[in-house]
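Every chain is numbered from 1 and lettered A, B, ... according to where its sequence line falls, protein lines coming before strand lines.
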2 protein chains.
Amino acid sequence: MTTKPSPIPSVWARPQRESDQPALSRAAIVREAIVMLDAEGVEALSMRKLATRLNAGAASLYRHVATKDELMELAVDEVAAEIHVPPADGPEWRAAVTEAARSFRTTALRHPWLPPVLGQAGLAYLGPNLMSYSERLAALFTAAGFPDPGTAIDAVLSYVIGMSTTEAAWLTTVSRSGDSESGLIARLLPAVQQATAPHSHLSQGYAETEEAATTDPAALRDAKFEAALDIVLDGLSLRLDTPGS
Amino acid sequence: MTTKPSPIPSVWARPQRESDQPALSRAAIVREAIVMLDAEGVEALSMRKLATRLNAGAASLYRHVATKDELMELAVDEVAAEIHVPPADGPEWRAAVTEAARSFRTTALRHPWLPPVLGQAGLAYLGPNLMSYSERLAALFTAAGFPDPGTAIDAVLSYVIGMSTTEAAWLTTVSRSGDSESGLIARLLPAVQQATAPHSHLSQGYAETEEAATTDPAALRDAKFEAALDIVLDGLSLRLDTPGS
DNA sequence: TCCGGTGTGCGTACAGTGTTCGCAACGAGG
DNA sequence: CCTCGTTGCGAACACTGTACGCACACCGGA
């Protein structure tokens, strides 16, 4: 109100191109969007808040990005660049695939908004970084000698996506709760016990949950990821030793 | 305007409890929400539209449901009741698990909004139907004699979730495109070819895509699901034959 | 030196969202 | 008959994503 009281064009110091920030570019927008997503989650990202953070007006963003969905696709692909896949070198395929799977997971957990967005997006899959990720995975499996690399990719990638989705959802609720992971587990324990009470196998299984409150939950999640991944990789190795069909 | 021009309380036929619909209940709300979600997807569901469909005002819904997120959790759990798991009967575990996996997938594809919501939801997992699903899965794996049923569940469930998420995202884009599945594939082919051009392994792999335009895409998806599932199940069977550790 | 044209920033407005408040009408119990 | 707790809801609030159109900065040519 006090800063711009009159529309008098008798302006003294004109805008003079406030060169604090290096202007406004698609790259800068995407970068800052990712920062916001990481910090506060999907529902905290609004075009207006993002613009304010960039010292810009909301409408300005639309000069560089067609729509919020497109911005999301760009963010997804940008983040996909962080996933590391070892080069294809034949016999060491198991270690390499394990590394690729771990890298996907850590990226997904570093950006917990990623899995659900991936699950909605649709055509973000055509982004260059996601493309080159798939490409490198395919190269790895063909170099290893798999007769049907496509199915191999489906198996391990689906597993990794599913596991990461579940974990990311959990991490999101953790950070929304404002509590630590073990703290939330402890607070949740009564509810879980009550819910699992009528289910004999579950109450037995969720005895682990009690452990999780004492030991480090993150380490336990790591172990679970590795264990189930090993199952999938075992299944894969069968396809390699007996190249039937 | 013409229906309620004056606030005169000289009302003749009072509301008289319009008994077309059986009033308004949490169950009815959730049911109708699922109908809307199935028909038009997540972003088409708003409290106001939902209320209108139930011949009610928007605010009325909040008498039966605390928040939209809670409504979503209820919808997720309601839909989870459709997933079928065969009873645990020992040696036939492979067929039974396959059936459970297929049932999860068909449910997810019947309600394509489910996977992304599952990935955001957080504590929907404590709903009674999801609980009993997990319970029946656990029963199945323990009856089969797996030394570590938890990891077995992780492996197959993560795979199924990941695959269903990807497929559901694809089906969502298909239905948003207003085209048929093979029609959309055909229209998308140029873009895909361009995107995969610099990636040798991918352009080879996506040669299948050309097939998909001619043959039935749904059948092809079914086959892919089964093939990768078999890999996971092979890995599982190893854990059973050699009960190491 | 001026002069258009092009691209960028953005104030404003619109239609829609989830949710809250407070009031009206009802059915049941005393 | 009169209360009381419950249910429905009109209106309002604080937001959201996005379209429109104007103002201004820059730049190549005259």
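At least one donor-acceptor pair closer than 3.5 Å links the side chain of B:Thr107 to the backbone N or O of B:Ser103. For the pair B:His64 (side chain) and B:Leu24 (backbone), a donor-acceptor distance under 3.5 Å is present. Here the side chain of B:Thr196 pairs a donor or acceptor atom with the backbone of B:Gln193 at under 3.5 angstrom.
Taking a cutoff of 4.0 Å between a charged side-chain nitrogen and a carboxylate oxygen, A:Glu43 and A:Arg176 qualify as a salt bridge. Under the 4.0 Å criterion applied to side-chain N and carboxylate O atoms, A:Arg26 and A:Glu78 are not assigned as salt-bridge partners. Using a 4.0 Å cut-off between charged nitrogen and carboxylate oxygen, B:Glu167 and B:Lys224 do not count as a salt-bridge pair.
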task = Report the C-alpha separation of A:Arg102 and A:Asp222 in whole Å, then their side-chain angles, then the decisive distance to 0.1 Å, and conclude whether the salt bridge (Lys or Arg N to Asp or Glu O under 4.0 Å) test is met.
result = CA-CA 9 Å; A:Arg102 282 193 193 129; A:Asp222 289 353; over 6 Å; no
Stepwise side chain to side chain donor-acceptor pair (under 3.5 Å) check, B:Arg136 with B:Ser132 = CA-CA 6 Å; B:Arg136 268 147 27 200; B:Ser132 101; 3.0 Å; yes
**OP:** Apply side-chain contact (heavy atoms from CB on, under 4.5 Å) to B:Leu126 and B:Met131, showing your working.
**Re:** CA-CA 6 Å; B:Leu126 291 184; B:Met131 273 302 184; 3.4 Å; yes
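Distance CD (B:Glu43) to P (D:dT16): 19 Å, rounded to an integer number of Å. Rounded to an integer number of Å, the gap from B:Met47 CE to C:dT20 C1' is 13 Å. Across the protein-nucleic acid pair, A:Glu70 atom CD and D:dG17 atom P stand 15 Å apart, rounded to whole Å. Here the C1' atom of nucleotide C:dG11 and the CG atom of A:Asn55 are 17 Å apart, to the nearest Å. One interatomic measurement links the two molecules: CG of A:Leu71 to C1' of D:dG17, which rounds to 12 Å at whole-angstrom precision.
DNA chain D is contacted by B:Arg63, B:His64 of residues 61-69 of chain B, taking any non-hydrogen atom closer than 4.0 Å. Taken residue by residue, residues 35-42 of chain B places no heavy atom nearer than 4.0 Å to DNA chain D.
Of all the heavy atoms in B:Ile185 and B:Trp170, the pair that sits closest is CG1-CZ2, 3.7 Å. Closest of all the heavy-atom pairs between A:Ser180 and A:Val174 is C-CG1, 4.2 Å.
Note on A:Leu50: nothing from the nucleic acid sits closer than 4.0 angstrom, heavy atoms only. Contact annotation for A:Ala51: no contact, since no heavy-atom pair falls under 4.0 Å across all strands.
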Can you name the atoms? Protein N/O to nucleotides 12-16 of chain C N/O, anything below 3.5 Å, with the distance.
none

